[in-house]
Amino acid sequence: MGEEREFVGARLDAGLRAARFSSPPSADEFAADVEPKNVPAVFRGVVKEWAASSRWDPLHGGLDYLLEKVGPDVAVEAMMSNTGHVFYGDLRSHERVSVSFSTFIQSCKSYLDHMNAASDSSKEQGMLGEPASSRETCSNSSENLEQVYLAQVSIMNAENKEGCSLQVLEGDIQEPIFLRGKSFSSINFWMNKGHLRSSTHYDPHHNLLCVVSGRKKVTLWPPSASPFLYPLPVYGEASNHSSVSVEEPDYSIYTRARYMKEYSETVILNCSDVVFIPEGWYHQVDSDDLTIAVNFWWKSRIMTQMLEHMDAYYLRRIMSRLVDQEMSIMAQKSPFGHLKDCTDIQHMAKTLTGFQLFNLQKDSPLRTLEPSTLQALYELISLVHDGAEAVSQMDKIEATSQNKSSNQRDDTDTSAAADDSSLLDKDPVAKIILPVEPLELRTMLLAMVHTFPRTLENLILNMLGVGAEILTRKFDEMDQQTTKEEQSEFYKIFYSVFDDQYAAMDALLNGKELFSFQIFQNVLDKYLGVHVDRPSRFVTRTNQ
């Protein structure tokens, strides 16, 4: 399984941490200072003024009140788990069932009776550490309802007013003062009998989760943490849920998930506390025994103002921005370590003599190179001369993602999820030139023009791959450090080695597009849970 990183919140940006309020803000303050930030906020004591706070409390007659208030004949839709006390969003791990509300409440009363009969020591373990004795004692009571969760049972639903099976409870709750004026999509009732865990997921609405009785532990992740949570494919039925197991994450498959806690924050909600969870924020909730909650969902201003005819444009803009961000991060990474030290140029010359390449005469441009740059040059030349081996290595990389048949899709998904190494680490040219300073690389390329022109030509036309992105970024950095005249002179000399300068430019563009597409694949995988094959023109390119 691998060692789990326990530094909770260590990498979470300070600006993304939940705000805490000892008293609720006004509606204007919430609309101006809280909601627009799209960051969670915790408000203490909001629910204590609700009638539900006293009337629904299971420890003080609340179950009898709910039985009488709702009545004996009301059926509600509930979730039944196939995975014990953990409720995963995947439709294959749970089912929606119709249960009698009164039957469920009766099972809760039986559970409470057994809890009261248990020892005080087992009761003290109740919060998020399921009381063993009560669980054992209750295991034979109401077996069919043991793993049933009243989840998202409508009290109010703007789109389905007739389907609100618990509308009768609306009079016991109040619209929080800071949400006044909101058009709610729905208000929902949530209740569990024994200790319960939800899977990690996000909601497509702003959410105010209010604890009426019991306690909840809510773990939060910003949408930017999606790569560490492996969301299910966007085209699936449970696309807003994480693929990673809540209780036993398999880090051999979901390698990035070992860092997920470092991007998280945990808040404890006691009775009467509420938390604002903005749309898109992942959350995983642990609920104590006999916890009751109400939540309010409403559309964000952004989603309300998004016009459907603009969706295609928004999609392209967002994907483009994610690709740019991922590309910048990837291009700045240098996981390769330092090139081997080489402080003796003559020793380097002897090392290269076997290739009969270097001639360190007094006027050789190679003498102007720093030892580390000379080493980089040696690596590049060796790479070109051993090109067949390098291509073979790249072919193996291609095979891992391209030669999968449709009936091996599960293996493909596992491989893609497990392989999170840097794209640049797979490209030998990128590994060599990334650590070289821009002006040193400029000097090295000019030396290659004069000393190894055919090697440079072969390198650019046939060996670049995704290294083209690094090379052109180095060109940009060179341009920032040189004059217009120096830039013009450099590019004139550089492109002079090619019989067809347009072929060189085309090779650079193809390599940059290859890198961009691989970044695009990463973005689809990390944020949408989607894996796509590489276009044939890129496959052909890397096999040249």
Side-chain angles (χ1 to χ4, degrees), residues 23-24 42-72 74 76 78 85 99-118 120 122-131 134-135 137-138 141-142 145 148-156 165-177 187-196 198 208-218 267-275 285-296:
S23 59
V42 178
F43 307 94
R44 304 295 182 187
V46 172
V47 179
K48 64 184 178 182
E49 302 300 327
W50 293 9
S53 182
S54 58
R55 292 176 180 173
W56 297 2
D57 185 356
L59 302 182
H60 296 89
L63 298 178
D64 289 328
Y65 172 83
L66 288 171
L67 272 176
E68 182 179 352
K69 184 71 173 178
V70 176
V74 173
V76 295
H85 69 290
V99 300
S100 165
F101 184 79
S102 61
T103 301
F104 177 79
I105 295 298
Q106 289 289 359
S107 75
C108 291
K109 291 184 65 175
S110 176
Y111 189 84
L112 179 60
D113 290 341
H114 289 298
M115 285 179 61
N116 291 334
D120 291 340
S122 65
K123 289 184 191 178
E124 291 172 0
Q125 300 174 21
M127 176 54 188
L128 308 178
E130 192 172 8
S134 68
R135 166 61 63 183
T137 307
C138 295
S141 65
S142 304
L145 295 179
V148 167
Y149 178 27
L150 297 194
Q152 196 179 328
V153 181
S154 293
I155 295 175
M156 187 282 290
S165 51
L166 295 182
Q167 185 176 5
V168 67
L169 297 179
E170 189 170 7
D172 290 343
I173 64 177
Q174 298 176 21
E175 178 185 277
I177 186 172
I187 303 173
N188 305 294
F189 179 92
W190 308 72
M191 183 175 181
N192 57 281
K193 181 169 60 176
H195 168 246
L196 178 144
S198 76
L208 189 76
L209 177 62
C210 311
V211 176
V212 178
S213 67
R215 287 187 291 183
K216 289 180 179 284
K217 181 177 79 172
V218 183
V267 299
I268 302 295
L269 300 180
N270 294 304
C271 176
S272 79
D273 294 339
V274 308
V275 60
V285 182
D286 286 86
S287 300
D288 199 2
D289 295 326
L290 297 171
T291 292
I292 303 176
V294 169
N295 87 298
F296 297 79

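Keep in mind that the numbers below use all heavy atoms, side chains included, and drop hydrogens, waters and symmetry copies.
Shown here for Phe296 and Gln174, the closest heavy-atom pair between the two residues is CZ-O, 3.7 Å. Shown here for Val46 and Pro24, the closest heavy-atom pair between the two residues is CG2-CB, 4.3 Å. In plain terms, the two heavy atoms of Val294 and Trp50 that are nearest each other are CB-CZ3, 4.2 Å. Across Ser102 and Pro72, no two heavy atoms sit closer than the pair OG-O, 3.4 Å.
Note that CG of Asp289 and OG1 of Thr291 are 7.5 Å apart. Values are rounded to the nearest 0.5 Å. Rounding to the nearest 0.5 angstrom, the gap separating the CE atom in Met191 from the CD1 atom in Ile292 is 4.0 Å. Rounding to the nearest 0.5 Å gives a distance of 5.0 Å between CG of Asn188 and CD of Gln152. Distance CG/Asp286 to NZ/Lys216: 9.0 Å, rounded to 0.5 Å. Separation of atoms CD1 (Ile173) and CD1 (Ile187) is listed at 5.0 Å; rounding is to 0.5 Å. The distance from the CG atom of Asn295 to the SG atom of Cys210 is 7.5 Å, given to the nearest 0.5 Å.
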What side-chain donor-acceptor pairs closer than 3.5 Å can you find for residues 59-70, not counting sequence neighbours?
unit_1 : atom_1 : unit_2 : atom_2 : d
His60  : ND1    : Asp57  : OD2    : 2.8
Asp64  : OD1    : Lys109 : NZ     : 2.6
Tyr65  : OH     : Asp172 : OD1    : 3.2
Tyr65  : OH     : Asp172 : OD2    : 2.8

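Legend: residues meeting side-chain hydrogen bond (donor to acceptor under 3.5 Å, both in side chains) with Asp273, ordered by chain and number and at least two apart, are Arg44.
Ser165 places no side-chain N or O within 3.5 Å of a backbone atom of Val76 that could act as its donor or acceptor partner.
Using a 4.5 Å cut-off on side-chain heavy atoms (C-beta onward), Pro176 and Val274 make no contact.
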| task | Apply side-chain contact (heavy atoms from CB on, under 4.5 Å) to Val153 and Phe101, showing your working. | result | CA-CA 11 Å; Val153 181; Phe101 184 79; over 6 Å; no
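Ring pair Tyr149/Trp190 is tilted by interplanar angle, where 30° to 60° counts as tilted.
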